[in-house]
Amino acid sequence: MQPLENQLQRPGGYAAALAVTAAVVTIRWLLDGMLGEQSPYVTMVAAVAAVAWFGRVGPMVLAIMLGGLAANWMFVSPRHRLGVSSVSEGLEFGLYLLASGATAALGIALTRSRKRAEENGQRFQAAYEHAAVGMEQVSLADGRLLEVNAKQCEILGYSREEMLGRTFEQITHEADLLRERELVRRLVAGEIPSYTLEKRYIRKDGRPVNVRVTSSLAGKGASYRITIVEDITERKQAQEALAESQRRLAGIVESAMDAIITIDEQQRIVLFNAAAERTFGLTAAEAVGSSIERLIPQQFRGAHAEHVRQFGQTGQTNRAMGRLCTVLGLRANGEEFPIEASISQVNVGGQKLCSVILRDVTQRLAAEEQVRQLNAELERRVEQRTAELEAANKELEAFSYSVSHDLRAPLRHVSSFVHLLNAEARDKVGESGQRYLQVIADAAGRMGNLIDDLLTFSRIGRSAMTETEVDLGQLVEEAKGELSPEWSGRSIEWHIGALPVVRGDRTLLRSVMVNLLSNAIKYTRRREQARIEVGASEEPGEAVVSVRDNGAGFDMRFVEKLFGVFQRLHRSEDFEGTGIGLASVRRIIARHGGRTWAEGEVGRGATFYFSLPVPRNRTCQT
Amino acid sequence: MPNVRRILLAEDDPNDVELTLKALAHHNLTNGVDVVHDGAEALDYLYCRGAFAERAKAPPAVILLDIKMPKVDGVEVLRQLKADAQLRVVPVVMLTSSRQERDVMESYRLGVNAYVVKPMDFHDFITVVQELGLFWAVINEPAPAANCGSA
């Protein structure tokens, strides 16, 4: 009772009590002539009653006491003397106290209840006015707005005066009117205790506003109803956004090309998109609610359940299934087909949902199989061709061999008998005859060389290769020594670098070096200062050897012909040779798994390269 | 001059026969050269049969054997010779154009005494034949008291 306490502390009440008591005493004194000894206390009760109006205990007590004392002093005989002189006087005083006490109590009670009522009224008023929801009081008779609170005015954009007097129908969106009218009817008829409705009001500025209203009668037999109005604009927008987002997601899921299936913890299908329908030949209506096992072939069901259980336990998300082996799915028509799937897990509202995104890879696997088969076919064909090529090569070599072999005998005869003729009948044939004989002998000699070279060449492919460690540096020295007669009398600058040790057939590689050096020596014959460099470099997985000379060189346009059998880029008058040397080199190096190539410039010299595969842990030795 | 035993030349090509004889003539070895023209003849000669039934029984100091001959080739002749107890002691020199590995291998396997490839160059040919003849027919000591083969 705080306000009361506040009042007690204020001195104003006491002053009032004093004043009133003094005033009544004065009146009684003035009326003393009329009243005399009669009712001295009664008038005091009036003062008490007056003070009681204020309902305050303190001033009340003061008034009673002062009044009593004043009356006793002034109006009760013996006057101007306090005291009770007789029993009846005492009784009168007692009655005065009682009466004034009662009056005081009444007054206080009255004041208190008045104050309470006032407070309640204020509280109610505050609740009404300052509520965050709109409130209306709507007349049942004609739907007029009897009362609206501030929030309601704010919601609708009207001022209070503008609102009152309008009917609820006037401010309601016409599309919602019908529904509300029906609800009001039922409310009034007592069919329903209240109704809640989402509707639209039309604001003063004409804009509709989404609200949620709850209306109830203001008590039994009331003439108006109370409506609570909630502005749900924001909520509506959020709902709309959510619905939009849901539509979008649903759209994505439904339009996805891959089947998307979601199952709950009991392996029941919760979601089954359009692609899943197509893949499994099952409608979503049929699938949802049933166990996912119907989509798995019989033999895998146990394994699958175990799989999912483990997955659920580990809590790992986004594991791809079917990575190690083909997973099979089961269509509604009983057909099994290969699938590629990934599964993930999500926790929604305390429930674990498992999503499987899968695709029917029947076609892809078939295509892959086809590719594999084509590749195998290709491989087979390549092998076959290679074998055919090998066979053709061998045949060619055998042919060259036997032909050259068979040619030797008659050639030998030609050469021999020419010689005999020369020896025995020289003087008989004359000078031109002798020249003829010389020509024949030379021709036979050249033919012999050709045949020998051809025989050597054909033997390369047919002979067995004995693989050993071969020191190329050593070979070069040997070849240089063997060829020394060919460059005797000439000055040649030899630059021989560090050459590696390789694996190969010593004899064949020796002939390679002999051939290359022989060429270098031959084609630098016309140089004053011939310079021959032999070097090597190491490339990943192979050793590359080069023989460079500063001799006649060759035209790079014809570089491809260089290594051809019997191909020459120089005239035999300039440089003799059968053109088999480089072809032999190429054949031998090819048998070793290496490559041969050359660079040259006419008049500047040539460099010949060959590569030999070298096992990786081999290093060049100096 | 030491005793020059006869040389048997088995060669089908008449040109080669002529050349060989010419070479051997240089050292006057032609007197003791008998020529047969194919493997069958060679065997007849060595076994003292057929056309050669009446010849002197002593086998030649050396047989110069060509490989490529009609009827019976050189390698076959060699095989038979080396299989014969009597004739195996007679030195055989393959004198042929072939340097084919299998011919060389087979000949040595059968026990040939020498394998010579006829050089292409005339001079070389002459030299080789002469040296062969000189060595085998003159220098080399043949097996004593050999006889015709026991066919």
Side-chain angles (χ1 to χ4, degrees), chain A residues 394-395 397-426 434 437-466 505 507-508 511 576 578 580, chain B residues 9-27 30 35 37-39 64-70 73-75 93-109 115-133:
Chain A
K394 279 216 146 35
E395 241 181 71
E397 280 169 344
F399 176 75
S400 337
Y401 184 84
S402 69
V403 162
S404 344
H405 183 266
D406 292 345
L407 287 172
R408 290 178 105 213
L411 191 59
R412 190 159 35 77
H413 297 158
V414 165
S415 144
S416 307
F417 280 92
V418 156
H419 205 98
L420 283 172
L421 187 62
N422 216 3
E424 290 170 23
R426 182 188 211 91
Q434 278 172 28
L437 285 176
Q438 190 58 45
V439 167
I440 296 171
D442 288 345
R446 269 203 308 284
M447 212 168 115
N449 287 339
L450 272 169
I451 292 173
D452 277 344
D453 283 348
L454 203 56
L455 278 172
T456 313
F457 177 73
S458 68
R459 214 175 292 131
I460 294 171
R462 293 155 67 244
S463 64
M465 283 210 330
T466 344
D505 184 302
T507 317
L508 292 177
S511 76
E576 73 289 357
T578 53
I580 202 85
Chain B
L9 173 64
E11 172 63 64
D12 63 319
D13 190 307
N15 294 327
D16 276 329
V17 169
E18 191 179 335
L19 289 171
T20 309
L21 289 175
K22 269 205 157 41
L24 289 170
H26 204 261
H27 284 281
T30 45
V35 181
H37 298 283
D38 61 49
L64 297 176
L65 200 48
D66 184 25
I67 294 183
K68 297 242 178 320
M69 294 188 290
D73 73 14
V75 175
V93 175
M94 301 313 257
L95 184 62
T96 172
S97 318
S98 168
R99 197 185 261 124
Q100 271 191 324
E101 251 183 51
R102 66 159 180 269
D103 291 333
V104 182
M105 202 55 216
E106 188 63 13
S107 307
Y108 273 110
R109 216 178 52 77
Y115 192 106
V116 177
V117 176
K118 293 179 200 164
M120 293 285 282
D121 183 79
F122 180 64
H123 281 296
D124 293 340
F125 181 73
I126 300 296
T127 312
V128 164
V129 172
Q130 284 174 356
E131 286 182 6
L132 275 176

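Just so you know, these numbers come straight off a predicted model, no measurement behind them. Residue numbering restarts at 1 for every chain, and letters A, B, ... go by the order of the sequence lines.
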Handout entry: CD/A:Glu424: more than 12 non-hydrogen atoms of other groups inside 6.0 Å
Key = yes
Practice task
Assess whether atom OH of B:Tyr108 is packed by more than 12 heavy atoms of other residues, nucleotides or ligands within 6.0 Å.
Solution key: yes
Handout entry: Distance-minimising heavy-atom pair for B:Ser97 and A:Arg412
Key = OG-NH2, 3.1 Å
Exercise for the section: Using non-hydrogen atoms and a 4.5 Å limit, figure out which bit of B:Asp13 sits close to chain A: side chain, backbone, both or neither. Expected result: side chain
Practice task
Check salt bridge (charged side-chain N to carboxylate O under 4.0 Å, His left out) between B:Glu131 and all other residues, then give those that pass, not counting sequence neighbours.
Solution key: none
Completion exercise
With sequence neighbours left out, the residues meeting ring-ring contact (aromatic ring centres under 6.0 Å, His included) with A:His419 are B:Phe122, B:His123
Exercise for the section: Heavy-atom distances under 4.5 Å only: say whether B:Lys68 touches chain A with side chain, backbone, both or neither. Expected result: side chain
Completion exercise
Most contact-rich option vs chain B, by heavy-atom pairs under 4.5 angstrom, among A:Asp406, A:Ile451, A:Leu411, A:Leu420, is A:Leu420
